[in-house]
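Remarks on the structure that follows.
All values derive from a computational prediction rather than experimental measurement. Whatever order the structure lists ligands and atoms in, that order sets their numbers, starting from 1.
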Amino acid sequence: MIRSSAVEMASALAKGEITSVALTQLHFDRIASVDTDVHAFLHLDTDGALAQAAAVDAKRAKGEKLSPLAGIPLALKDVLVQKGIPTTCGSKILEGWRPPYDSTVVTNLKNNDIIILGKTNMDEFAMGSSTENSAYGPTHNPWDLSRIPGGSGGGSAAALAAFEAPLAIGTDTGGSIRQPAAVTGTVGVKPTYGGVSRYGLVAFSSSLDQAGPCARTVLDTALLHEAIAGHDPRDSTSINAPVPNVVAAAKSGDVKGMKIGVVKELNGDGYQPGVRARFDESLELLAKAGAEIVEVSCPNFEYALAAYYLIAPSECSSNLARFDAMRYGLRVGDVDGASAEEVMNLTREVGFGREVKRRIILGTYALSSGYYDAYYGSAQKVRTLITQDFTSAFTKADVLVSPTCPTTAFKIGEKSNDPLAMYLNDIATIPVNMAGIGGMSLPSGVADEDGLPVGFQIMSPVMKDERMYLVGAALEAALLSKWGAPILSKAPSLGGLA
Ligand code: GLN
């Protein structure tokens with residue numbers, strides 16, 4: 001049962017073949033047997049989850065009308081607050097903090113009776129591409145435990161790939177949902193910016209951060225998307241418009257007559273051969289399914305990475321100022337005679353890891369008077385140019401596509417001392433955040449040279465998220481016939497974890 005899709009689990013629940021309590025317990029058993037190796041979870045809420053599951057079973061027994069994902073377990077990235085449950089953001093500085101309220105994402109999950117198993121590991125404050133920047137140790141890729149599961153949401157992606165949960169929530173500022181999905185053979189979606197509320201999402205870079213759904217199939221992802229999305233007056237950037245019809249699109253998967261634009265600038269050299277091969281093959285499958293493949297050019301994407309590493313650190317240097325040893329979690333050096341400033345300095349010195357400090361310093365520099373126009377100002381101009389590139393490309397194509405990332409999962413430790421090499425992972429995912437549009441990664445097969453999964457990225461215009469689900473569903477179906485089974489079943493080590 002734990003290897004089924006959420007839709008299959010929901011059908012078993014509806015038919016009375018299993019209870020939500022039993023299904024939840026099966027997942028806790030799985031976690032108990034594999035998570036010492038995978039380390040996807042930072043915290044498990046066993047009692048809370050089982051109580052929530054019992055309440056759903058009771059509602060079902062009474063014949064109440066339930067949401068499509070009622071009673072299905074989920075893994076929550078530890079950057080979203082849940083009342084009374086530890087929230088660390090992968091940082092020592094928040095150790096021991098229990099938030100007094102629910103994020104809107106959590107409220108929506110609870111209103112849909114989705115069972116929250118616990119909080120997943122992540123790069124500290126979502127800064128990273130490998131989950132190695134967690135203060136609580138790395139997460140391991142279930143395909144090969146010596147490799148990274150991507151980041152920053154490596155815990156959520158690994159939990160899905162290791163069958164520890166059929167659903168997960170991630171957040172994506174520059175690729176943190178899509179890149180982990182790509183390297184673990186799972187599906188991840190960054191919705192349109194403003195499509196899912198940021199209320200209770202601990203801010204890294206507020207103009208880029210977006211929470212989104214993760215699962216093992218396109219339809220499961222769509223169902224979770226509809227459960228968490230929608231207008232929220234508590235988030236001033238939340239879009240007040242109906243949620244795109246993503247479930248209907250995922251069920252249809254009809255791409256006949258659709259124009260699919262290959263972004264020239266995201267289709268050059270620098271991709272691993274197996275990543276290239278799976279991308280080209282996926283384009284052929286989409287063409288066979290009736291889509292028209294065209295080429296589009298987005299010349300300013302070349303500057304996206306550089307601009308992102310000015311904008312994101314700038315916003316982070318401001319957002320992370322709140323961790324001042326007074327309000328949340330850790331406090332160090334609070335001895336007689338110590339000034340508030342000394343306590344603050346010491347706490348931030350001890351509480352933040354290297355990458356977070358690097359970003360705060362970069363951002364503070366970029367925002368400082370005298371440098372503001374040259375760095376932050378220029379980056380904002382580039383951001384506008386990138387948005388214009390997308391606008392023009394979307395006049396020629398309904399969706400745009402690229403490989404999600406340049407390589408398959410690399411070894412733990414391989415890039416941890418080389419920030420630039422790490423940053424390059426997000427070369428194809430960052431433009432999406434800069435423009436606030438939607439992006440999906442789904443598995444397009446495994447690379448011949450290493451047998452590891454490859455991600456295919458689909459990008460759709462603002463609030464046209466249903467288009468990426470349409471194309472994603474079509475590709476998923478075509479790949480299923482080609483490979484004869486879901487891509488995740490091609491992972492040899494998953495057997496070893498069983
Ligand atoms: N890897 C990128 C970074 O380190 C993106 C992170 C994210 O999307 N949260 O900033």
Side-chain angles (χ1 to χ4, degrees), residues 77-80 89-91 105 120-134 138-139 148-157 168-184 188-191 193 196 198 201-214 304-317 319-320 352-363 366 379 383 404-407 409-410 415-441 455 457 459:
K77 189 176 178 184
D78 201 25
V79 68
L80 283 144
C89 298
S91 182
V105 166
T120 55
N121 199 12
M122 56 185 281
D123 285 301
E124 187 175 7
F125 288 106
M127 298 172 199
S129 303
S130 65
T131 315
E132 290 165 292
N133 294 338
S134 167
T139 296
I148 59 103
S152 64
S156 284
I169 297 289
T171 62
D172 192 310
T173 304
S176 285
I177 287 178
R178 290 161 288 156
Q179 183 256 6
V183 300
T184 58
V189 166
K190 186 207 93 74
Y193 181 80
V196 174
R198 287 187 299 107
L201 158 58
V202 180
F204 158 18
S205 178
S206 314
S207 76
L208 299 163
D209 297 340
Q210 187 62 196
C214 310
L305 195 71
Y308 172 89
Y309 277 99
L310 288 166
I311 293 171
S314 294
E315 293 186 14
C316 121
S317 73
N319 276 325
L320 270 58
F352 286 139
R354 280 176 69 83
E355 183 61 23
V356 170
K357 286 178 188 156
R358 179 182 293 127
R359 306 267 182 126
I360 293 174
I361 292 167
L362 272 172
R383 189 169 185 179
T404 309
C405 37
T407 67
F410 47 92
K415 298 189 182 174
S416 38
N417 291 321
D418 186 350
L420 279 182
M422 191 69 89
Y423 297 172
L424 279 167
N425 270 287
D426 303 309
I427 194 107
T429 49
I430 275 174
V432 164
N433 303 75
M434 298 289 265
I437 66 168
M440 167 188 285
S441 179
Q457 178 175 235
M459 299 164 266

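In summary, the atoms of ligand 1 found under 4.0 Å from a heavy atom of A126, numbered by their order in the structure, are 6 (C), 7 (C), 9 (N). Annotation for ligand 1: atoms under 4.0 Å from non-hydrogen atoms of D172 are 8 (O). For ligand 1 and G174, the ligand atoms under 4.0 Å from any heavy atom of the residue are 5 (C), 7 (C), 8 (O). Of all the atoms in ligand 1, the ones that sit under 4.0 Å from a non-hydrogen atom of G128 are 1 (N), 2 (C), 3 (C), 4 (O), 6 (C). Annotation for ligand 1: atoms under 4.0 Å from non-hydrogen atoms of S129 are 1 (N).
An N or O contact shorter than 3.5 Å is missing between T171 and ligand 1 by distance. For ligand 1, the polar-atom distance check finds no N/O of G151 at less than 3.5 Å from any of the ligand's N/O atoms. Below 3.5 Å of separation, one finds no N or O of M127 facing any N or O of ligand 1.
At least one heavy atom of R359 sits less than 4.0 Å from an atom of ligand 1. Remark: distances from the non-hydrogen atoms of S152 to ligand 1 include one below 4.0 Å.
Put simply, the side chain of L320 does not reach to within 4.5 Å of the side chain of F204, judged on heavy atoms. Taking the side chain as every heavy atom from C-beta outward, R359 and S317 never approach each other to under 4.5 Å.
Under 3.5 Å, the side chains of D209 and T171 contain no donor-acceptor pair of N or O atoms. No hydrogens or angles considered: a donor-acceptor pair under 3.5 Å links the side chains of S206 and N319. Side-chain contact, E315 with S207: a donor N or O sits under 3.5 Å from an acceptor N or O. E124 and S91 share a donor-acceptor pair across their side chains, judged by distance under 3.5 Å alone.
With a heavy-atom cut-off of 4.0 Å, Y309 touches ligand 1 through its side chain alone.
At the shortest separation from atom 5 (C) of ligand 1 among protein heavy atoms lies Y308 OH, 3.3 Å. Regarding atom 7 (C) of ligand 1, its nearest protein heavy-atom neighbour is S176 OG, 2.3 Å. Closest protein heavy atom to atom 2 (C) of ligand 1: D426 OD2, 3.1 Å.
A distance-only check finds a donor-acceptor pair linking the side chain of Q210 to the backbone of V196 [under 3.5 Å]. Using a distance-only test at 3.5 Å, with no hydrogens or angles considered, no donor-acceptor pair links the side chain of D426 to the main chain of T429.
Of the options S152, S134, S156, a side-chain hydrogen bond (donor to acceptor under 3.5 Å, both in side chains) to N121 is made by S134 and by none of the others.
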